[in-house]
2 protein chains.
Amino acid sequence: MIPILAQSPAPTSHRQEMSTRCSACSMHQICLPTGLKEADMDRLDQIIGRRRKVPRDTHLYRVGDPFTKLYAIRLGHFKTHQVNPNGDQQVTGFQMAGELLGMDAISTERHHCDAIALEDSEVCEIPFSRLEGLFGEMPPLLHHFHRMMSQEITREQSVMLLLGNMRAEQRFAAFLTNLSSRYSVRGYSSTSFQLRMTREEIGNYLGLTIESISRLLSKFKKRGWIKVSNRDLELLEPGMLKAVAAGTQTCA
Amino acid sequence: MIPILAQSPAPTSHRQEMSTRCSACSMHQICLPTGLKEADMDRLDQIIGRRRKVPRDTHLYRVGDPFTKLYAIRLGHFKTHQVNPNGDQQVTGFQMAGELLGMDAISTERHHCDAIALEDSEVCEIPFSRLEGLFGEMPPLLHHFHRMMSQEITREQSVMLLLGNMRAEQRFAAFLTNLSSRYSVRGYSSTSFQLRMTREEIGNYLGLTIESISRLLSKFKKRGWIKVSNRDLELLEPGMLKAVAAGTQTCA
DNA sequence: CGCCTAATTGACTCAAGTCAAATTCTGTGG
DNA sequence: CCACAGAATTTGACTTGAGTCAATTAGGCG
């Protein structure tokens, strides 16, 4: 299953095919530190176990699964959700290409949430102990990893702000604005994209019901701020949405 | 300001006084990895800049401050809160001795929240770049650090679950239960402790108003589950509180 | 003792939830 | 290509849990 997992480095000529090398990945600017040396890139390629396809609606991992690997999303979208003892669940995030999954499992060596592909996706499996092994010799890689964990902490804090303080309309505007900027960073349109998740998943993430999401979509549409057709979304007034998210504008 | 910051290791006889060494700190079991060698402990002591006292109601850092250090709480309690552009704030956590503050600032090298002492407190300042320098040579320390960051991610995810899914009564029960278990880990009573924060801060953290917190306290008191007198709290029925938090029990 | 802030309690309101029904999509098989 | 079943979404009518506003009460401290 695992291709070239050289304990001793494989000769250059035998290394993995172009399409699966970090240096050839369109996401390496987000996923990896800038200015990593060619040789270091190769060493990284060597510890990456394999590229795994994850079909739509399939689990990448589940609560309680033992943790051994992190996953870098090469392609596609995921959601993560927590399940409480009582059985009800909370979507804790939507992840897209270039983002890292599984960091919450490091502390207990068990996954704390389920990760599910929202569409046919592909991830790189990164055995964590081997990655930690590299850190000692590649400080920029370590620093980048810390930045990614830190970023996840920051992201979650802003969700806490959203869930704890904002009204429905603000939450949803913040959600759209957030997606917009993430697509923009990835070189996609910031004003026109597809929602990869159902209304129900959005609602769950934002602490609202599916009906509320539906009503908000209608309201924003009526105001002329967005154009919606099923999962296709166009932001006609991104500035307004930002203002609503910031709380400096309402839509009454 | 900075005491012994030996570039070359200081001779053993000159090292910091006992009371400020990691090995002598009552929190080192929580703060540091278990089984760190004596020599490694010494090297750690040498990079710790100083122990700083933080008087009650005083900022340890503010949003936007440049990030250079992490802070390990030696003594006391803190709260962190986010402030959104509009000015309203969300308490994102209450931290106690042995916990680490500032990890959210690594990604941008600026703090993303305010950290404020809830009582007269004391922290160890840990220059982050020096800490990263040690990681290469002390893998267990690195691993422990990753566990602490990961734990913070997990903690925030459960707050998301709380804010997104739970009713007021569940949230508050979960909050009390959480404090209880954290005191327990630190060797304090799990059923009798002081609330170091105001009702208002609790409410803000839980996405509720001060009035709701007050009503919940009264309700739990009437049920005979707790005893309250100002900030002093006693959990008479921790099992009930856990059940309410889990959603398997209501208090109607 | 008296001032100021924190907390409690009650009465009323409202934003978002619940329930229900209608409509639109999606995918599958004939 | 069309019909149809099941799922997802939208919309409306009504309910409710928690918020708001206001008035007390209790504590902390100079």
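Chain A is the first sequence line, chain B the second, and so forth, proteins listed ahead of strands; every chain is numbered from 1.
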Legend entry - Side-chain N or O of B/Ser212 closer than 4.0 Å to phosphate OP1/OP2 of D/dG19: yes

Inset, instruction - Remember a base hit wins even if backbone is also touched, and classify A/Thr198 as base, sugar-phosphate or nothing at under 4.0 Å, heavy atoms. - result: sugar-phosphate

Legend entry - N or O in side chain of A/Thr209 less than 4.0 angstrom from C/dT18 OP1/OP2: no

Inset, instruction - Report yes if a side-chain nitrogen or oxygen of B/Ser218 is closer than 4.0 Å to either non-bridging phosphate oxygen (OP1 or OP2) of C/dT9; otherwise report no. - result: yes

Legend entry - D/dT10 phosphate, OP1 or OP2, under 4.0 Å from A/Arg199 side-chain N/O: yes

Inset, instruction - Quickly work out the A/Gln170 CD to C/dA15 P distance and round it to whole Å. - result: 13 Å

Legend entry - Contact nearer the 5' end of DNA chain C, comparing A/Gly207 with A/Asn230: A/Gly207

Inset, instruction - Report yes or no: does B/Arg171 contribute a side-chain atom to a donor-acceptor pair with the main-chain N or O of B/Leu206 at less than 3.5 Å? - result: yes

Inset, instruction - Starting from P on D/dA18, measure out to CG on B/Leu162 and report it in whole angstrom. - result: 12 Å

Inset, instruction - Verify, without hydrogens or angle tests, whether A/Ser180 (side chain) and A/Leu176 (backbone) share a donor-acceptor contact under 3.5 angstrom. - result: no

Legend entry - Parallel, tilted or perpendicular, as decided by the 30° and 60° cut-offs, for the rings of B/His111 and B/Phe67: perpendicular

Inset, instruction - Among the candidates C/dA16, C/dA7, D/dG19, find the nucleotide nearest to the side-chain atoms of B/Ser214. - result: C/dA7

Inset, instruction - Identify whether any heavy atom of A/Leu208 sits under 4.0 Å from a base atom; if not, whether one sits that close to sugar-phosphate; answer base, sugar-phosphate or nothing. - result: sugar-phosphate

Inset, instruction - Using a 4.0 Å heavy-atom cut-off across all strands, classify B/Arg231 as base, sugar-phosphate, or nothing. - result: sugar-phosphate

Inset, instruction - Let me know the distance between CD of B/Glu211 and P of D/dT24, rounded to the nearest Å. - result: 16 Å

Inset, instruction - Using whole Å, report how far CD of A/Glu200 lies from P of C/dC25. - result: 19 Å

Legend entry - B/Arg167 side chain near D/dA18 phosphate (N/O to OP1/OP2, under 4.0 Å): yes

Legend entry - 5' priority, DNA chain C, between A/Ala168 and A/Ser229 [closest heavy atom]: A/Ala168

Legend entry - Whole-Å gap separating P (C/dG10) and CG (B/Leu216): 15 Å

Legend entry - Check: A/Ser121 side chain, A/His77 main-chain N or O, donor-acceptor pair, under 3.5 Å: yes

Legend entry - Side chains of A/Ser181 and A/Ser184, donor plus acceptor under 3.5 Å: no

Inset, instruction - For B/Arg196 and C/dA6, give me the distance from atom CZ to atom C1', rounded to whole Å. - result: 18 Å

Legend entry - Nucleotide D/dT20, atom P - distance to CD1 of B/Ile210 in whole Å: 12 Å

Inset, instruction - Starting from P on C/dA6, measure out to CG on B/Leu118 and report it in whole angstrom. - result: 13 Å

Legend entry - Distance below 4.0 Å between A/Arg215 side-chain N/O and D/dG12 OP1 or OP2: no

